[in-house]
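Reminder, nothing fancy here: chain letters follow the sequence lines and each chain counts from 1. It should be emphasised that the depicted structure is a prediction, and the values quoted were computed from it without experimental measurement.
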2 protein chains.
Amino acid sequence: MTSMSDVARAAGVSAATVSRALRGEPGVSEATRRYVTEVAKRMRYAIARDASSLAGGRRYAVAVLTADVGRGDLLAGAEGALRAAGYDVLLYVLRDAEARARFFEELPPLGRRVDGVLALSVTLTDEESDAIGALDLPLVAVRDDDLREALRLAAGHVLELGHRDVALVLPEDVDESYDELLVAEGLSVRPEWTLWSSSTVAGGEQVVDVLLDGDRLPTAVVCGSGQVALGVFLRLRRDGRDVPGDVSIVSLDGPDLVSAVGITAVEGAWRERGEHAVGQLLAALRGEADDAKPPSVHLVVRESTAPR
Amino acid sequence: MTSMSDVARAAGVSAATVSRALRGEPGVSEATRRYVTEVAKRMRYAIARDASSLAGGRRYAVAVLTADVGRGDLLAGAEGALRAAGYDVLLYVLRDAEARARFFEELPPLGRRVDGVLALSVTLTDEESDAIGALDLPLVAVRDDDLREALRLAAGHVLELGHRDVALVLPEDVDESYDELLVAEGLSVRPEWTLWSSSTVAGGEQVVDVLLDGDRLPTAVVCGSGQVALGVFLRLRRDGRDVPGDVSIVSLDGPDLVSAVGITAVEGAWRERGEHAVGQLLAALRGEADDAKPPSVHLVVRESTAPR
DNA sequence: CTGTTAGCGCTTTCAA
DNA sequence: TTGAAAGCGCTAACAG
């Protein structure tokens with residue numbers, strides 16, 4: 001396997017010059033750089049990362065943490081951006097509490113393996129974040145459940161359609177009820193119409209049962225997750241209600257299945273968000289602050305919403 | 001950051017001994033090994049992979065190629081198994097033709113970065129496989145579209161329920177029609193009921209339109225993908241047909257949305273398949289052959305199938 | 001602008 | 001069973 005000194009010999013320069021030339025470091029004449037680069041390419045030379053990071057301290061690798069690989073676009077976006085920047089992607093799937101505990105138990109090696117950490121769709125506890133910080137690793141986290149903006153869009157939409165009786169179904173791990181936000185948007189809040197449910201289809205179906213027990217049905221339901229939206233949709237239909245004739249449905253999240261059945265949803269621009277997070281991380285690695293604003297969510301109107 | 005020689009000093013032995021002890025290499029007395037291990041743990045020592053692989057040649061990393069991150073379970077299963085075996089997972093998302101071309105263009109570095117390659121839900125061309133082989137990297141590929149076994153299960157199921165008029169909807173990139181297989185299972189084949197469609201909900205809906213144009217409807221539809229199954233389901237329902245009263249539906253693939261709406265499906269045991277693939281790869285790395293048989297698919301009967 | 005000289009932190013002979 | 005020494009292939013001072 002050709003090494004850097006092979007290239008150096010072939011180009012008639014020292015290894016140091018090859019190193020500088022290939023990395024775009026200053027201190028090499030343009031002519032030399034061009035020539036060395038060309039020779040290296042001709043020899044199909046590929047730098048040995050191990051040696052490079054051993055000597056240089058930089059690892060050119062980022063750990064990507066993800067709770068589950070469900071949010072594929074986020075991961076794909078981040079991977080693409082990292083790869084484009086010349087970083088390797090070390091994937092860590094923190095599937096369950098056990099895997100998570102194990103990961104944080106065995107954290108130390110991470111410090112020697114990566115330059116930074118990207119947490120995608122895992123909400124890290126403070127201790128967990130601190131543990132990573134203690135390793136001197138910059139950390140950027142992308143939460144996939146920042147509901148505020150999504151909620152604002154959804155509320156605006158149903159309001160515009162004339163709905164006043166709106167139920168809100170939140171994922172059970174959310175502790176706020178977002179009352180002020182809804183009120184600020186112009187919706188009146190009925191406490192019994194703010195519900196929490198597991199993010200599953202079954203959860204959505206149960207929610208409908210609860211709503212049916214009330215004195216009347218809301219004319220619109222805003223669902224925190226796509227699974228729930230689908231459950232609500234199916235259960236309402238089975239109960240003979242028309243969607244959106246009787247009840248409109250908006251999902252605050254837009255996985256495949258939501259678009260598949262035509263449910264209006266707030267879509268996250270997940271790929272772009274992954275790329276944005278990478279931008280933040282790379283900036284942090286350079287010691288800069290990142291200027292870019294995160295991509296914002298947008299509403300995709302489908303067939304599950306109609307004027308009241 | 002504590003290095004191996006720090007541990008060596010603390011334990012009163014040489015670095016070579018620490019290295020041997022920690023890796024389970026022979027040539028260390030049990031007592032020494034135990035002691036060294038204990039000291040290392042107490043010092044929270046983490047080996048520097050870079051230095052290790054630079055010196056030793058082994059990299060303890062595997063490249064995982066995936067076309068898209070859709071099949072999360074497969075990826076998660078593989079990741080878990082690799083991690084458990086002490087390997088790092090370098091993720092490469094080969095989203096589109098461009099990303100794919102770029103990857104194979106820049107292959108060389110891979111040889112210095114990983115010990116092996118796992119291809120999950122990407123069907124590599126022969127040239128692509130060869131390119132990886134040329135790097136002397138063992139390669140294990142998991143296809144997620146081996147329909148034969150799934151088809152056999154599905155056919156058996158509908159036959160058992162008494163269906164004779166069965167339509168088969170295949171993904172459009174499949175070129176076989178599987179006639180002999182169906183016949184072997186005991187189903188008679190009507191050419192106009194073997195259809196190809198894009199693996200989308202819309203594709204499934206169109207399929208129903210085609211079927212409705214025929215002189216009569218099949219009593220069961222076997223769908224190659226979950227999206228299609230869902231499309232067929234929704235479209236039939238919208239047309240006033242009862243599922244499974246009028247038509248039974250079986251999906252040959254079981255993504256979330258299929259279970260969510262209660263469609264009978266062949267499920268792939270994807271997590272286990274990922275683990276199995278890792279087993280194969282690790283065996284290849286040890287120069288052994290793997291004995292284990294791949295996990296097989298199984299049928300999950302839900303509410304979309306009923307006796308004819 | 002370029003070359004020389006030391007290591008980076010391990011693993012691996014080779015001796016003891 | 002253990003240790004000493006020699007690198008693995010780079011990068012980072014330091015000279016020139």
Does a side chain donor of either B:D253 or B:S225 reach within less than 3.5 Å of an acceptor in the other side chain?
no
If you check every side-chain atom of B:A16, which of C:dG9, C:dT12, D:dT1 has the closest atom?
C:dT12
Can a side chain N or O of B:T32 be found less than 4.0 Å away from OP1 or OP2 on D:dT2?
yes
Output the rounded distance in Å from OH (A:Y35) to C1' (C:dT2).
16 Å
Closest approach to the side chain of B:S3, judged atom by atom: which nucleotide of C:dT2, D:dT2, C:dC10 is it?
C:dC10
Is any side-chain heavy atom of A:T66 closer than 4.5 Å to a side-chain heavy atom of A:L91?
yes
Quick check: closest heavy atoms across B:T32 and B:V28, and the distance to 0.1 Å?
CB-CG1, 3.8 Å
Would you say D:dG9 has OP1 or OP2 under 4.0 Å from some side-chain N or O of A:Y45?
no
Which of these nucleotides, C:dC10, C:dT12, C:dT4, is closest to any side-chain atom of B:R58?
C:dT12
Rounded to whole angstroms, how far apart are CG on A:D50 and P on D:dG9?
10 Å
Within this structure, what is the CD-to-P distance between A:E25 and D:dA13, rounded to whole angstrom?
11 Å
Report the distance from atom CZ of B:R59 to atom P of D:dC10, rounded to the nearest whole Å.
12 Å
Measure the distance from OH on B:Y60 to P on C:dG9 and round it to the nearest whole Å.
20 Å
B:I47 side-chain proximity, nearest of C:dT2, C:dT11, D:dT11:
C:dT11
Quick one: does B:L110's side chain get under 4.5 Å of B:V117's, heavy atoms only?
yes
Rounded to whole angstroms, how far apart are CG on B:L22 and P on C:dC10?
10 Å
5' priority, DNA chain D, between A:T2 and B:R33 [closest heavy atom]:
B:R33
Considering only D:dC10, C:dT11, C:dG9, which nucleotide approaches the side chain of B:A48 most closely?
C:dG9
Between CZ of B:R9 and P of C:dG9 the distance, given in whole Å, is 12 Å
Distance test, side-chain N/O of A:S14 to OP1/OP2 of C:dT2, below 4.0 Å
no
Using whole Å, what does the distance between atom P of nucleotide D:dC8 and atom CZ of B:R113 come to?
21 Å
Would you say a side-chain N or O of B:T17 is under 4.0 Å from OP1 or OP2 of D:dT2?
no
Determine, for B:R271 against B:E275, whether the closest basic-nitrogen to carboxylate-oxygen distance falls under 4.0 angstrom.
no
Where the side chain of A:S19 is concerned, which of C:dT4, D:dT2, D:dT11 is the nearest nucleotide?
D:dT11
Ignoring the backbone of A:L54, work out which of C:dT12, C:dT2, D:dG9 is nearest its side chain.
D:dG9
Is A:G56 touching bases, backbone alone, or none of the nucleic acid, heavy atoms closer than 4.0 Å?
sugar-phosphate
Ranking A:M1 and B:P26 by the position along DNA chain D of their nearest nucleotide, the one closer to 5' is B:P26
Heavy atoms from C-beta onward define the side chain here; which of D:dC10, D:dA12, C:dC10 lies closest to that of A:R23?
D:dA12
Going by an N to O cut-off under 4.0 Å, is there a salt bridge joining A:E30 and A:R33?
yes
A:R112 (side chain) and C:dG9 (base): donor-acceptor pair under 3.5 Å
no
Look at the side chain of A:R20 and the base of C:dG3, then say whether one donor and one acceptor between them are separated by less than 3.5 Å.
yes
